[in-house]
Every structure is written in structure tokens, then in C-alpha cells.
Amino acid sequence: MLGISLKTSEAALTTKGLFPEKWSDFSVESFVKVLTKTTFGRNMLNSAIVAIVVTVTCIVIAALAGYAIARFRGRYFSFYSILLLLLQMFPTMLLLMPLYVLFNKLNLINTMGSVIISYVTMNLAFSIWMLKGFFDSIPAELEQAAMVDGCTQFTAYLKVVIPVSLPGVATVGIFTFINSWNEYTLASIFLRKDQAMTMTVGLQKFVQQNGADWSLLMAASTIATIPTLIFLLFAQRYLIEGMTAGAVKG
């Protein structure tokens with residue numbers, strides 16, 4: 001993909017090498033054209049906004065709900081835990097028509113609000129259960145010691161529990177960001193205007209419009225991959241720590 005994107009349109013169709021074989025075959029014109037002469041740059045910005053808002057929202061809500069389930073007991077919390085499992089098993093495809101009707105009545109079609117709400121609800125159950133596993137592994141004695149020193153339970157949660165569970169928070173953030181960045185089905189239904197489309201829908205439209213220009217297609221695909229790749233390179237340490245730390249209850 002990267003090799004073809006660095007070739008001219010002619011070289012992409014006539015040469016067999018993975019990367020440009022001659023200097024005359026090398027060109028970054030495809031990247032310039034994708035970012036300046038199409039709406040794909042706007043689609044990338046839309047995806048970034050959606051992914052960041054969804055990730056932050058899921059982390060905040062999941063951190064509070066996961067802690068409540070891990071620390072408090074009672075039939076309401078048990079019912080809530082069962083409800084989360086049921087939500088995870090519910091097929092997303094069955095929600096498409098009701099969601100479209102609902103968002104259409106709320107005038108949210110062709111706005112980022114429709115996909116943000118949808119992505120938050122899709123990722124929240126998984127995020128809550130994952131953070132619950134981390135909170136279960138943190139000894140309650142740490143909070144009790146902080147409360148003896150004068151903290152309230154909420155202050156102990158903010159100053160003791162959250163810092164200790166940062167690998168779990170990072171793991172939730174990584175999974176939520178990638179899921180939101182790569183999602184296509186809901187975005188393709190709720191976002192039909194060029195200026196409102198996210199990256200995945202914009203890329204699919206880009207393929208339809210430029211199916212014969214392989215250099216242009218590969219340049220758009222490379223641009224779409226770079227943000228996730230950079231994000232994972234910086235966050236992979238937290239991802240590995242989070243997946244192992246939350247696996248066993250200490």
C-alpha cells in the first residue's frame with residue numbers, strides 16, 4: 001500500500017516492484033491531491049473528533065460505573081451487571097432501523113452527534129466490564145487507608161484508585177478509539193453528506209470515484225492508517241500492561 005502510494009499513476013499500473021524502481025516513478029502527488037483536492041481531509045478530521053469524544057465519554061462513564069459494580073453490592077448492582085451482559089449480546093444490526101427513525105426525528109441524521117451517541121452505547125458495556133476487572137484487582141484496603149487519612153470515598157477513588165488503574169483506563173481508551181475510528185456500518189447509514197462523513201465512509205466513496213487510480217487509492221488508505229498506527233506505537237505498552245494486569249484478581 002505504501003509502495004504503490006509513492007508511485008506515479010502510470011508507474012502504479014506498469015511496474016511490478018513493491019516500491020518505485022526509478023526516481024522518475026517516485027511521486028507524492030497522490031498524497032497532495034487526496035488532502036487538497038478532495039473532501040477526504042475533512043473526513044479524517046470528522047473521524048478524529050468522533051473517536052476522541054467517544055473515547056473520553058466512555059472512559060469517564062465506564063470508570064464510574066465499573067467502580068460502582070466492583071465495590072458496591074445489592075440487587076440493583078446485580079441487575080445492572082446482568083443488563084450489561086445482555087447489551088453486549090444484542091446484535092447491532094437489529095438497532096439500525098430504530099436508531100435511524102429516532103435520529104431522524106431528532107434531526108441528528110448527517111450530524112456527528114448520531115454516530116457519537118451510537119458508538120458510546122456500543123462500546124460502553126465492554127468498557128465498564130473491563131474496568132470492573134481492574135477495580136476488582138485493587139485492594140479495598142488502599143481506599144480505607146486513604147479514608148483514615150481524611151479522604152472521602154470519592155476523593156480516595158480519584159487520588160488512589162484511578163492512578164493505580166491507569167493501565168486499565170488506557171486499555172479501554174485504546175479499544176474504544178480503534179473501534180470508533182474503524183467503524184463503517186453505522187456511519188454509512190447515518191452520514192450521507194460529504195462534509196459530515198467519517199473516514200471509513202469517505203474512503204469507500206473515494207474507492208467508487210477513483211477505482212482506476214491505484215496510486216490515489218493507496219495514498220488515501222495510507223493516510224487513513226497513519227493515525228491509528230501512531231496511536232498504537234505510543235500506547236502499546238499500556239495496552240499490554242492493561243491486558244495482563246486486569247486478567248487476575250489480586
Side-chain angles (χ1 to χ4, degrees), residues 49-95 99 113 115-183 186 228 231-250:
I49 294 173
V50 169
I52 292 172
V53 172
V54 171
T55 300
V56 172
T57 304
C58 281
I59 287 176
V60 172
I61 298 176
L64 294 171
Y67 178 78
I69 297 175
R71 288 291 186 264
F72 300 102
R73 298 291 181 266
R75 58 181 180 178
Y76 296 109
F77 295 101
S78 299
F79 173 76
Y80 186 66
S81 302
I82 296 172
L83 182 62
L84 286 177
L85 290 175
L86 293 175
L87 289 175
Q88 280 191 295
M89 294 186 290
F90 199 83
T92 304
M93 292 300 174
L94 295 180
L95 297 174
L99 282 176
V115 290
I116 288 174
I117 294 172
S118 301
Y119 294 170
V120 168
T121 55
M122 285 173 53
N123 290 285
L124 201 52
F126 170 80
S127 301
I128 291 173
W129 270 106
M130 176 162 283
L131 281 180
K132 175 188 178 299
F134 282 93
F135 294 139
D136 283 335
S137 66
I138 299 174
E141 288 77 11
L142 290 177
E143 300 163 65
Q144 294 171 3
M147 293 170 68
V148 168
D149 290 337
C151 290
T152 63
Q153 185 166 11
F154 185 71
T155 306
Y157 163 76
L158 291 178
K159 294 185 176 181
V160 177
V161 178
I162 291 297
V164 173
S165 60
L166 280 181
V169 173
T171 303
V172 168
I174 293 168
F175 277 106
T176 304
F177 183 89
I178 294 176
N179 289 339
S180 303
W181 181 266
N182 290 331
E183 204 283 328
L186 293 175
T228 307
F231 184 70
L232 282 176
L233 286 176
F234 283 101
Q236 63 177 340
R237 178 170 65 89
Y238 297 101
L239 178 63
I240 295 172
E241 288 180 5
M243 293 179 68
T244 55
V248 179
K249 183 176 179 180

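Along the sequence shown, residues carry numbers from 1.
Here the closest heavy-atom approach between residue C151 and residue A156 is recorded as CB-N, 4.1 Å. Counting all heavy atoms, side chain and backbone alike, A146 lies closest to V160 at CB-CG2, 3.8 Å. Here the shortest heavy-atom pairing between M122 and L186 reads SD-CD1, 3.0 Å. Considering every non-hydrogen atom in both D136 and A70, the closest pair reads OD1-CB, 3.3 Å. What you find for V161 and I138 is that their closest heavy atoms are O-CD1, 3.8 Å.
Applying the ring-ring contact (aromatic ring centres under 6.0 Å, His included) criterion to Y67, with sequence neighbours excluded, gives F135, Y157.
The main-chain N or O of F177 is never found under 3.5 Å from a side-chain atom of S180 such that the two would form a donor-acceptor pair. With hydrogens and angles ignored, the 3.5 Å screen pairs a side-chain donor or acceptor of S137 with a backbone N or O of F134.
Open room surrounds CZ on F154; 12 or fewer heavy atoms of other groups in view lie less than 6.0 Å from it.
The distance from atom OG1 of T55 to atom CZ of F175, rounded to the nearest 0.5 Å, is 12.5 Å. Taking NZ of K159 as the reference point, atom CG of L142 lies at 15.5 Å (rounded to 0.5 Å). Separating the OG1 atom in T176 from the OH atom in Y119 is a distance of 13.0 Å, to the nearest 0.5 Å. The distance from the OG1 atom of T155 to the CG atom of D149 is 12.0 Å, given to the nearest 0.5 Å.
For the side-chain contact (heavy atoms from CB on, under 4.5 Å) with C58, the lone residue among V120, L131, I128, V53 that qualifies is V120.
Within the 4.5 Å cutoff, side-chain heavy atoms of I178 are placed close to those of T228.
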